[in-house]
Amino acid sequence: MFDRIKSFASDFFVTGEPMIYASDVAIVLVLAAIIFTLTFLKKWKWLWREWITTVDHKKIGIMYLVSALLMMFRGGVDALLMRTQLALPDQNLLDPEHYNQIFTTHGTIMILFMAMPFLFAMFNIAVPLQLGARDVAFPFLNAVSFWLFFFGALLFNLSFVIGGSPDAGWTSYAPLTELGFDKGPGENFYLLGVQISGIGSMATGINFLVTILKMRAPGMKMMRLPLFCWSVVASCVVIIFAFPALTVALALLMIDRIAGAHFFTMLHGGNPMMFLNLFWVWGHPEVYIVVLPAYGIYSEIVSTFSKKKIFGYKTMVISLMIISVVSYFVWAHHYFTMGASAGVNSFFAVASMLIGIPTGVKIFNWLFTMFRGRISMKLPMLWTLAFIPCFAMGGATGIMLAMAPADYQYHNSYFLIAHFHQVLIGGVAFGLLAGMYYWWPKMFGFRLNEALGKWGFWFFNIGFYVCFMPQYLLGFMGMTRRVSTYSADTGWTDFNFISSIGAYLMGIGFLFIVVQVLYSIKYGERDLTGDPWNGRTLEWAIPSPAPHYNFAHIPEVKEVDAWWGMKERGESLVQLNRKKKFTPIHMPKNSGIPFIMAVFFFISGFGFVFGWYWIAALGLLGVAICMIARSNNRNTDYHIPAEEVEETEAAYGRV
């Protein structure tokens with residue numbers, strides 16, 4: 001019996017490397033500390049009542065943000081491990097298999113479990129407030145979306161210490177990921193974790209598109225929407241049409257692995273290229289899913305900190321929507337070298353180049369907005385200004401990659417690594433950090449310390465260029481991606497060493513951001529006005545942090561920058577409170593069903609990972625029961641009494 005238990009444990013748990021054991025210890029200690037703290041402070045009921053069961057979009061946004069920052073840390077550690085391995089030739093910090101696992105988890109986490117929840121945090125924090133709405137269209141579904149993301153990410157990250165991490169790259173190409181080549185549970189962790197999280201992402205796309213189309217304040221026509229809301233519309237359109245392709249691809253591959261099908265095995269009538277097409281039909285639009293909201297964030301920040309109306313509002317809207325459409329016609333540039341016809345390559349090359357035009361329109365519009373503006377160099381604006389040259393360079397190298405003949409030289413080289421990091425970090429991560437700084441006072445009621453933030457900004461930005469500029473040269477020198485080591489006679493040592501130094505500088509920049517947050521919790525400047533940046537949109541018209549119901553009275557919108565126009569006319573929501581009688585406010589009730597249903601999804605996914613189908617069936621049964629319980633629950637909302645609303649507004653000094 002003891003031998004059987006020992007054999008099971010050796011297969012079930014990841015063993016053999018000191019860093020794995022150190023991670024096990026760290027996980028146990030952190031969990032013990034969390035449990036002890038919650039128990040000692042008697043906060044379990046508070047945690048359940050205020051956070052786990054919440055359907056308040058603002059709290060869900062905060063939970064998305066915290067999760068994204070944790071995933072940024074995990075993905076960043078993976079990146080530092082890779083750069084440490086490659087800093088010098090013939091290193092043996094990571095063996096080839098472990099290196100494969102590290103670069104797989106790094107890419108998957110950063111794109112799907114960091115960037116996606118970070119942008120969903122911005123959706124939740126800003127969109128309903130900018131619309132003058134009291135919540136999203138489907139608050140219950142919003143909570144379901146978060147918890148599906150959370151438990152999908154948890155399932156994926158468990159692979160680090162249980163079963164073994166996936167090792168086929170974040171693209172998970174078939175037939176490499178078929179059972180004949182990858183028998184371990186790592187790939188199953190990838191498929192199930194991403195699939196569960198992806199369901200939540202699709203629901204979020206539907207939810208916010210409906211919210212923007214149907215929940216706008218009186219007078220807010222579509223062409224009066226804040227540009228961030230327009231960017232969310234564009235992103236949600238891409239989510240709704242692109243994510244089903246990923247869902248189908250992962251489901252078919254999972255069926256191949258657990259049921260012995262052969263959708264992607266050529267010797268049995270399958271076609272591995274079908275997986276590549278399905279993946280990239282989602283995968284390249286995914287780049288625009290995450291970058292389009294960043295464009296919206298930059299637009300809000302440039303206008304606010306230049307103290308000017310955005311230049312070319314209509315062209316900004318048109319360019320956003322053009323990108324959301326053209327993004328579906330570029331996926332085959334990921335395999336220009338596979339031997340397609342000249343006609344196919346030409347079509348996708350031209351489409352890939354054309355998409356740069358609406359992007360260039362926006363950059364020029366931001367520059368013209370700043371021209372002769374009274375620019376305030378606060379942290380949100382610093383990250384925005386850093387984005388422009390970085391993204392311009394990333395766009396230029398993207399045009400180089402879009403040329404099909406030239407791509408034979410660049411394909412799978414470190415030139416490509418440098419390019420997509422320049423676009424995804426310089427475009428997406430910079431934008432998300434700018435948005436975090438911009439809306440932080442609205443979330444928490446205080447501003448983050450500027451001095452510490454600037455240290456983080458400069459370390460991160462300088463480190464970024466030190467890290468990725470040498471990688472363009474390494475690509476020209478013939479270094480391909482996914483190599484775990486190299487010999488000294490390749491001539492790659494100097495540039496790899498410089499690149500690794502840059503990665504550590506970026507890590508120091510992230511640590512400054514963490515210290516900045518912790519310091520500011522106690523010492524940060526409190527926002528007593530609700531409008532610390534002299535903002536232009538409606539979220540700055542209400543107190544910080546926003547009340548549970550957002551707006552005591554829904555304002556009427558008369559122009560694009562609704563709050564700026566109200567201020568110019570000498571109007572405020574305080575005057576609206578004094579003129580209008582307070583009335584009861586209809587709100588959704590908290591519910592524990594989203595959390596419980598996501599737990600059952602996690603249980604089912606865990607069962608499928610290890611082929612324990614009775615556990616998987618129990619999990620799916622639990623999901624079905626939760627759905628039935630929700631369908632039969634009629635007590636889903638309530639009204640905040642008018643007296644309570646008036647008392648809350650009085651406490652803010654707004655009556």
Side-chain angles (χ1 to χ4, degrees), residues 57-58 61-62 64-66 68-69 72 115 117-131 225-232 235 290-310 316 362 366 369-370 373-388 426-454 456-457 460-461 513 516-517 520 524-527 529-546 561-564:
H57 69 94
K58 299 179 290 297
I62 290 170
Y64 268 124
L65 178 62
V66 172
L69 291 174
M72 184 182 284
F118 213 138
L119 74 92
F120 289 160
M122 300 297 105
F123 285 16
N124 275 279
I125 289 159
V127 169
L129 299 181
Q130 289 193 332
L131 295 175
L225 276 178
L227 281 173
F228 179 66
C229 291
W230 267 115
S231 73
V232 174
S235 181
V290 294
V291 81
L292 283 167
Y295 292 159
I297 291 169
Y298 295 133
S299 300
E300 300 293 339
I301 290 171
V302 165
S303 180
T304 297
F305 289 93
S306 299
K307 299 178 179 63
K308 287 176 63 180
K309 183 178 179 180
I310 196 75
M316 294 288 277
K362 286 190 290 297
W366 292 321
T369 302
M370 288 185 276
R374 292 171 291 162
I375 298 175
S376 177
M377 299 298 288
K378 300 296 184 182
L379 279 169
M381 192 63 178
L382 282 176
W383 284 99
T384 300
L385 291 173
F387 146 79
I388 293 176
V428 179
F430 283 18
L432 294 173
L433 288 169
M436 180 188 77
Y437 283 117
Y438 184 58
W439 283 306
W440 188 278
K442 190 55 55 181
M443 285 184 278
F444 299 105
F446 63 90
R447 286 165 58 170
L448 293 172
N449 181 271
E450 287 278 328
L452 288 170
K454 287 178 180 177
F457 170 82
F460 199 95
N461 274 269
I513 294 172
Q516 175 194 24
V517 171
S520 301
E525 178 187 344
R526 265 45 195 175
D527 174 21
T529 65
D531 188 13
W533 311 121
N534 194 19
R536 307 180 71 87
T537 45
L538 285 178
E539 72 268 33
W540 306 111
I542 58 177
S544 300
D561 293 331
W563 176 229
W564 188 263

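- Between the OG atom in Ser235 and the CH2 atom in Trp230 there is a gap of 14.0 Å [rounded to 0.5 Å].
- With contacts defined as side-chain heavy-atom distances shorter than 4.5 Å, the pair Ser376/Trp533 does not qualify.
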*May I have the step-by-step check of side chain to side chain contact (heavy atoms under 4.5 Å, CB included) for Gln516 and Leu379, ending in yes or no?*
CA-CA 12 Å; Gln516 175 194 24; Leu379 279 169; 3.4 Å; yes
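- For the pair Phe457 and Leu382, the tightest heavy-atom approach, listed with the atom from each and the gap, is CE1-O, 3.4 Å.
- In this view, Asp531 and Lys567 satisfy the salt bridge (charged side-chain N to carboxylate O under 4.0 Å, His left out) rule, not counting sequence neighbours.
- Looking at heavy atoms from C-beta onward, Ile513 lies in side-chain contact with Tyr437 at the 4.5 angstrom threshold.
- Using a 4.5 Å cut-off on side-chain heavy atoms (C-beta onward), Trp563 and Arg536 make no contact.
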Side chains of residues 291-302: which donor-acceptor pairs under 3.5 Å do they make with residues two or more places apart or in other chains?
residue: Tyr298; atom: OH; partner: Gly427; partner atom: O; Å: 2.9
residue: Tyr298; atom: OH; partner: Gly431; partner atom: N; Å: 2.7
residue: Ser299; atom: OG; partner: Tyr295; partner atom: O; Å: 2.9
residue: Ser299; atom: OG; partner: Trp366; partner atom: NE1; Å: 3.0
residue: Glu300; atom: OE2; partner: Leu227; partner atom: N; Å: 3.2
residue: Glu300; atom: OE2; partner: Phe228; partner atom: N; Å: 3.0

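- The CH2 atom of Trp440 lies 14.0 Å from the CG atom of Asp527; values are rounded to the nearest 0.5 Å.
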_Determine whether Leu65 and Phe118 satisfy the following criterion, side chain to side chain contact (heavy atoms under 4.5 Å, CB included), listing intermediate values before the conclusion._
CA-CA 6 Å; Leu65 178 62; Phe118 213 138; 3.5 Å; yes
*asked:* Between Met381 and Ser306, does the side chain to side chain contact (heavy atoms under 4.5 Å, CB included) criterion hold? Intermediate values first, please.
replied: CA-CA 9 Å; Met381 192 63 178; Ser306 299; 4.0 Å; yes
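- Here the closest heavy-atom approach between residue Asn124 and residue Pro128 is recorded as O-CD, 3.6 Å.
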*Applying side chain to side chain contact (heavy atoms under 4.5 Å, CB included), run through Val232 and Gln130 and close with a yes or a no.*
CA-CA 12 Å; Val232 174; Gln130 289 193 332; over 6 Å; no
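- Within the model, atoms CG of Leu433 and CH2 of Trp383 stand 5.0 Å from one another, a figure rounded to the nearest 0.5 Å.
- Ile62 has its side chain within reach of Phe444: a pair of non-hydrogen atoms, C-beta onward, lies under 4.5 Å apart.
- With values rounded to the nearest 0.5 angstrom, Phe305 atom CZ is found 10.5 Å from Met377 atom CE.
- Evaluation of the side-chain contact (heavy atoms from CB on, under 4.5 Å) rule for Ala546 yields Lys58, Leu129, Ile542, Asn550 as partners, not counting sequence neighbours.
- The nearest pair of heavy atoms linking Gly535 to Thr304 is CA-CG2, 4.1 Å.
- Nearest heavy atom pair, residue Gly426 against residue Phe387, reads O-CD1, 3.2 Å.
- Expressed to the nearest 0.5 Å, how far CZ of Arg447 lies from CD of Glu525 amounts to 4.5 Å.
- The two residues Ser303 and Thr369 make their nearest non-hydrogen contact at CA-CG2, 4.2 Å.
- Looking only at side-chain heavy atoms (C-beta outward), Leu131 and Leu538 stay at 4.5 Å or farther from each other.
- Note that NZ of Lys442 and CH2 of Trp540 are 6.0 Å apart. Values are rounded to the nearest 0.5 Å.
- Lys308 and Gly373 make their closest contact through CD-CA, 3.6 Å (heavy atoms, listed as atom of the first residue, atom of the second, distance).
- Inter-residue side-chain proximity for Met370 and Thr384 is flagged as unmet; no heavy-atom pair is nearer than 4.5 Å.
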